[in-house]
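Below is one structure, written out as structure tokens; the observations come after it.
Convention: sequence-line order gives letters A, B, ...; per-chain numbering from 1.
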2 protein chains.
Amino acid sequence: MRWEELDREPCSLARTLSVVGDRWTLLVLRECFLRIRRFEEFEQRLGIARHVLADRLKKLTEAGVLAKVAYQERPRREEYRLTEKGLALYPALLALLDWGDKYMAGPEGPPLLRRHKTCGHVVHAASVCSECGEPLDARAMTVEPGPGAPANFSIPQRPSKSAVDK
Amino acid sequence: MRWEELDREPCSLARTLSVVGDRWTLLVLRECFLRIRRFEEFEQRLGIARHVLADRLKKLTEAGVLAKVAYQERPRREEYRLTEKGLALYPALLALLDWGDKYMAGPEGPPLLRRHKTCGHVVHAASVCSECGEPLDARAMTVEPGPGAPANFSIPQRPSKSAVDK
DNA sequence: AAGAATGGGTTCCGAAATAGAACTTGTCAA
DNA sequence: TTGACAAGTTCTATTTCGGAACCCATTCTT
């Protein structure tokens, strides 16, 4: 499977990855959420090759995740801003980040904290069920075909045993 | 920046990406959460090159996300199972998936639905503040250095005017 | 006993993506 | 006239990937 085919897979994760499924793209988005907006800033902060950065910004813009906004004319200069579609990726970024805080931080703890303006606390993201509000656990979920499922969609239904504890 | 350097970045997102930050790895994990466990099954369902699959399974195992478990002796056969650390990635996968359901699904709707055994409803993940329980929004968050922050850690606070050093 | 099948890989090659550096373009200021 | 700045584009060398073939220990089929 190639990158170009990914967005046609009958899987929302695959389709998401066709937009943000590479290392640099996610790091560019991290910077966007830190309010970084300009080409040179991305380049300096990330240490990314310029043409790779140009490519990722172009793709994210085409995907509607970022929008180019002129911040001056003559010479025309443009910066990249998150759209609503881009801002909607925040929970995903935060979930990855929280996992890193928990499993990849050194003994000192995480390098960056987030404070919720609304309640004033240092927070992390909690992933809860949209219906009952309970924290979500992979073992409490089953899957079934949705309206966009192809005709012969196979969903493996195997006996599920608990995972091995590390 | 190379892959090998990513896990030493002072950023939990970068460190997470050093483990799961590539397309195939996330798709392998998708299959794991669908209870796929064996080499041949991963290969057939994903259409991934075998040596790439072998490499990703090895790296995920070394990272403690998967564990190799023998399911028969003579001949010895092993399968890959999510550890607790791996299961903890579920909210992140689900957040990416929900974004895809919302922004990348065709007019028919998403191909796969998830049902919460606990409450019986078809659900999606909601990302809420761990302290006040309100839904999280990127614009309601500020960042500040955490205990693991390096000495001269620069955090851009305002919309960028001039270059912000790293 | 010979040959095929099974599961889980490894090896090889050409194609594609990446890193790093140099070059381009439009504009203004010294 | 030269230089600086921002935002790219182009070049080459290296790395990774896709696809196919091959390997190997064991068990099944005939």
Is it true that A:R77 and A:E79 make a salt bridge, defined as a side-chain N closer than 4.0 Å to a carboxylate O? no
Checking all strands, does A:K58 fall into the base, sugar-phosphate, or nothing category for heavy-atom contacts under 4.0 angstrom? nothing
Between B:R76 and A:D22, who's closer to the 5' end of DNA chain C by nearest nucleotide? B:R76
Whole Å only: how far is the CD atom of A:E43 from the C1' atom of D:dA6? 11 Å
According to a strict under-4.0 Å criterion, is A:Y80 in side-chain N/O contact with OP1 or OP2 of D:dA6? no
Following the transitive rule for hydrophobic clusters with a side-chain heavy-atom cut-off under 4.5 Å over Ile, Leu, Val, Met, Phe, Trp and Tyr, establish whether B:L13 and A:L53 coincide in one cluster. yes
Carboxylate-amine/guanidinium contact B:R38 B:E31, below 4.0 Å: no
Let's test your reading of the model: under 3.5 Å, does the base of C:dG8 pair with the side chain of B:R50 as donor and acceptor? yes
Could you give the CG-to-P distance, from B:D55 to D:dT15, as a whole number of Å? 15 Å
Hey, does B:Y71 reach any base, or is it just sugar-phosphate, or nothing, if we go heavy atoms under 4.0 Å? sugar-phosphate
Take the protein atom CD of B:E73 and the nucleotide atom P of C:dT6, then report the distance between them rounded to whole Å. 21 Å
Need one value for A:E78: base, sugar-phosphate or nothing, where a base atom within 4.0 Å counts as base even if backbone is also close, heavy atoms only. sugar-phosphate
From CZ of B:R77 across to P of C:dT6 the rounded distance in Å is 11 Å
Respond yes when some side-chain nitrogen or oxygen of A:W24 is under 4.0 Å from OP1 or OP2 of C:dA17, and no when none is. no
Does B:D101 come within less than 4.0 Å of B:R114, counting only side-chain N to carboxylate O? yes
Could you pick out which residue, A:F39 or B:H51, lies toward the 5' side of DNA chain D when each is mapped onto its nearest nucleotide? A:F39
Comparing B:P75 with A:R23, nearest DNA chain C nucleotide closer to 5' gives the residue B:P75
Whole angstrom is fine here: how far is it from CD in A:Q44 over to C1' in D:dG8? 14 Å
Heavy-atom distance under 4.5 Å between the side chains of A:H116 and B:M141, does that happen here? yes
Send over the distance from B:R37 CZ to C:dG8 C1', rounded to a whole Å. 18 Å
In whole Å, what is the span from the CD1 atom of B:I48 to the C1' atom of D:dG18? 10 Å
Taken to the nearest whole Å, CZ/B:R56 to C1'/D:dT16 is 8 Å
Short side-chain N/O contact from A:K68 to OP1 or OP2 of D:dG8, under 4.0 Å: yes
